[in-house]
Amino acid sequence: MDFDQSAAELGLKEAIKDITSGEKENPESDAFSTAPLNYRNMLLKLMKALSPTGYLETGVRDGRNSTALVAAQEELAAWSPPIFLSVETSSRMVGRLLALFGKGPECSTILDSLLNGQLIGSAAFSETNASFDQNASETRATLQDNGYIITGSKNWVAGASSADLVACLADSGGRPGVFIIRAGDKGFSTGTELTSNAIPGSGFNPVTLRDCLVPSDRAVIPDDKDFLNTVKLWEDQILTSLALGLSQRSYREALSHSKTHHSGGKPIIAYQEIGFKLAEMLTLLQSAQLLAYRAAWADETGNREAEVLARCAKVFCSEACERISTEALQVLGTKGVFEESLAASALRESKFLQIAGTSSERSRVKIGDNVLRDASF
Amino acid sequence: MEFSFSQEQAMFKDQVIRFAVKEIVPRVRDHELKGEFDFQSFRRLGEFGILGLHFPAEFGGSDADVVTTVLAGEALGEAGVDGGLTLSYGAHTFLCADTIFVHGTDAQRKKYLPKLTTGEWIGCMGLTEPNAGSDVASMTTRAERAGEAYILNGNKMFITNGPLADVAVIYAKTGKDLRHAGISAFIVEKGTPGFSAGKNLIKMGVRTSHTSELIFDNCMIPAENLLGVEGEGFLMALQTVEWDRSALMAPFVGGMTYVLKKSIAYAKQRHQFGRPIAEYQAIKHKLADMKIFIEAARTLIYRIAWCKDQGRPLNHLEAAVAKLFVGDWSLKPANDAVTLFGGYGYCHEYDVERTFRDSRLAPIGGGTSEIQKKIISKLI
Ligand SMILES: Cc1cc2nc3c(=O)[nH]c(=O)nc-3n(C[C@H](O)[C@H](O)[C@H](O)COP(=O)(O)OP(=O)(O)OC[C@H]3O[C@@H](n4cnc5c(N)ncnc54)[C@H](O)[C@@H]3O)c2cc1C
């Protein structure tokens, strides 16, 4: 047992700090950077800077989470949630799919480019009428001589319009597979950016695939039947770290306001109504952090409880984020109502966290199933 | 960060669970119903080595580290030992015996610790007063120096093991008009003229631990019963906070694992509408919330224990965070368990109503949730 941050954790976290401290704070709030092309340029620049630190490839080739990764993710997520989400989708989702299930040189070439920060990947998994647990995809992949023909539509694809390639989930003769589509491929198109109240910047788009040909060497069809569950867990782990970053933003903003804003001749933190809220927020934040780190450690070490701990962390951290952010808004008072604040966006995003990946409801059912199956109980 | 236990620690936890399931748990329901202290189980805790786990062997202990000690507490809760017995153990070992061990003279240690670690004697600690709870420094119990003696006058309130204790660590004011700096700690033995205990208070939970007022009416004790030096009592009380936030909290968290196990077993065997209630999403959600609480809470208390093992000074912020979380967040899963059992949950024989009542102490005893928030808000 050791509750101090290890050299690996500190090293990766500091590397992220070094990179982001030279950048503008809250870059996503800048209208310039939210224009798709500007966002893409900013993202590419950051990914190139991140690549030598080892951040992009951490946990990609072995598919494992780690405490060092969470430490760094938390730092990046607190700096910019949309950029964090884009980077993570590119490396920890698409990168891992290629590294662990991809076969052939084309997959390795793409993977290298993703991890060098030269290409941006996004993941097109969700569909309006499909549920990950039951019918994973209504999009079809039909094998022909020269590759797979993909037909269908995807929705809520984060960063689709700024990505170089999209990893698209489709059903191939009853087996789920992921097909790597390049932005310019014929038959592939992204729809108008969806209006979303969460994660500004990266943008969410619908994606249409009309007889889109994907060469076989860009098809990833894992033998592992459980691979979709694995992918969902990766997504949940990313969202858990995002929850930590967002919670930190809300807490810090409220704390700073409570010390500088005066009422009745004293800083508002001096009132129990405010001071106690901040105490509850910090308690939730620290509890969430420790749980997320322990879940990551469990995954890193192959602990038998790794999956259930990851699910516990996802539910707890995303719901803690909502509570922390709503209390932060209360502390900000009228400032939080009349001006856009970090806490307000974190509050909106906390809902995204509870819905995306495995929703809080589905996670709880899975945790319940897990403890009901667990012989040690 | 690294969260594993050593093999010895994990094995010891299993041993404690097996021991408690066999020797203590069968006696819990009966004692709890009657609100009786279980002397036999308390002594068995001593024989098994739990009462003195972290003390050196020369005082009857096992030199265990703090994490192991915390795991033993968690194991007792997990086995199904009631919060009353674990509270009695906590007050005895950490609030009384440990204070004598850390601040006592060699003579005091030799005199009291061997009897306390075996359970031959029962210890208690008196800090709270009828009119001084959270505001400890406003205590009015006084200890006046009179030659080679001190004379104690005043009352202590809500003292765990009060009516049973053979020896008490008592905090009293020696410095006139001083607040924290005027508090000193003393050892008072049962039978000392002028020292008496009130009746066992009838409580909502932790009913097998006996709680009472302690009365000091011109109670004369030898000057050598002073612990450490005058005016350092408050610091001594603060030092027990580390134990309070780790070893005393551990049985609460373990108790929640016990509740989860019972809930799982019940949900599998209870059928409604033609199938086990375990198949309903709403039931799984309750089980999930219990699991989430347990995992979040145990990491917080392990952190306090691990830091103490490293010899670090208490981090008051982290300690308050652990106490606040366990105190406030244990209530919902404890309540959920009662609902999960339906009507049976409201009845004694299924244990969940007991754990529900026991868990209600967590946000009050050893510093209320509000006081934890007060500490945190001062430190941030
Ligand atoms: C079963 C049991 C066992 C116990 N065992 C022991 C023992 O062995 N030894 C011992 O010394 N004590 C013991 N106690 C006492 C316990 O530590 C106190 O009950 C606790 O510290 C609270 O003090 P109080 O009851 O006087 O409440 P009070 O301090 O009177 O508090 C009443 C309410 O006011 C709130 N409050 C108080 N001050 C503030 C503030 N500044 N800001 C905001 N809110 C505030 C509190 O949170 C609480 O909600 C025990 C108590 C119980 C119930």
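Just so you know, these numbers come straight off a predicted model, no measurement behind them. Letters go in sequence order (proteins before strands), and every chain restarts at 1.
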Is [X] close to chain B through its backbone or its side chain, or both, or neither, when contacts mean heavy atoms under 4.5 Å?
X	result
A:I269	side chain
A:I274	neither
A:Y251	side chain
A:K277	neither

Just give me the residue among [options] that pairs up with chain B most often, heavy atom to heavy atom, under 4.5 Å.
options	result
A:T283, A:D369, A:I367	A:T283
A:Q272, A:Q5, A:E9	A:E9
A:R311, A:E300, A:E305	A:E305
A:L290, A:T67, A:L282, A:V308	A:L290
A:G275, A:S258, A:A313, A:A270	A:G275
A:L278, A:L291, A:V371	A:V371

Parallel, tilted or perpendicular: rings of B:H54 and B:W243 (30°, 60°): tilted
Aromatic plane relationship, B:Y266 with B:F341 - under 30° parallel, 30 to 60° tilted, over 60° perpendicular: parallel
Using a cut-off of under 4.5 Å for heavy-atom pairs, which of [options] has the most such pairs with chain A?
options	result
B:K378, B:K261, B:K291, B:K286	B:K291
B:E370, B:E78, B:Q372	B:E370
B:I283, B:I292, B:L324	B:I292
B:M1, B:M290, B:K284	B:M1
B:L300, B:L287, B:D309, B:L379	B:L300
B:S6, B:A296, B:S263, B:C307	B:A296

Heavy-atom proximity to chain A below 4.5 Å, by part of [X]:
X	result
B:F293	neither
B:I375	neither
B:L317	side chain
B:K374	both
B:E279	neither
B:F5	side chain

Qualifying residue for side chain to side chain contact (heavy atoms under 4.5 Å, CB included) with B:F12, from B:L53, B:T69, B:I17: B:L53
Looking at [Y] and [X], is any side-chain nitrogen of the basic one under 4.0 Å from a carboxylate oxygen of the acidic one?
X	Y	value
B:E242	B:R245	no
A:D4	B:R312	yes
B:D351	B:K262	yes

Axial cation check for A:Y55 ring with A:R92, 6.0 Å and 45° limits: yes
Hydrogens and angles aside, do [X] and [Y] bring a side-chain donor and acceptor to less than 3.5 Å of each other?
X	Y	result
A:E361	B:Q281	no
A:Q354	A:E322	yes
A:R304	A:S376	yes
B:T339	B:D336	no

Taking every non-hydrogen atom, the tightest pair across B:W329 and A:L284: CZ2-CD2, 3.1 Å
Minimum heavy-atom distance B:D244-B:K323, with the two atoms named: OD1-CE, 3.9 Å
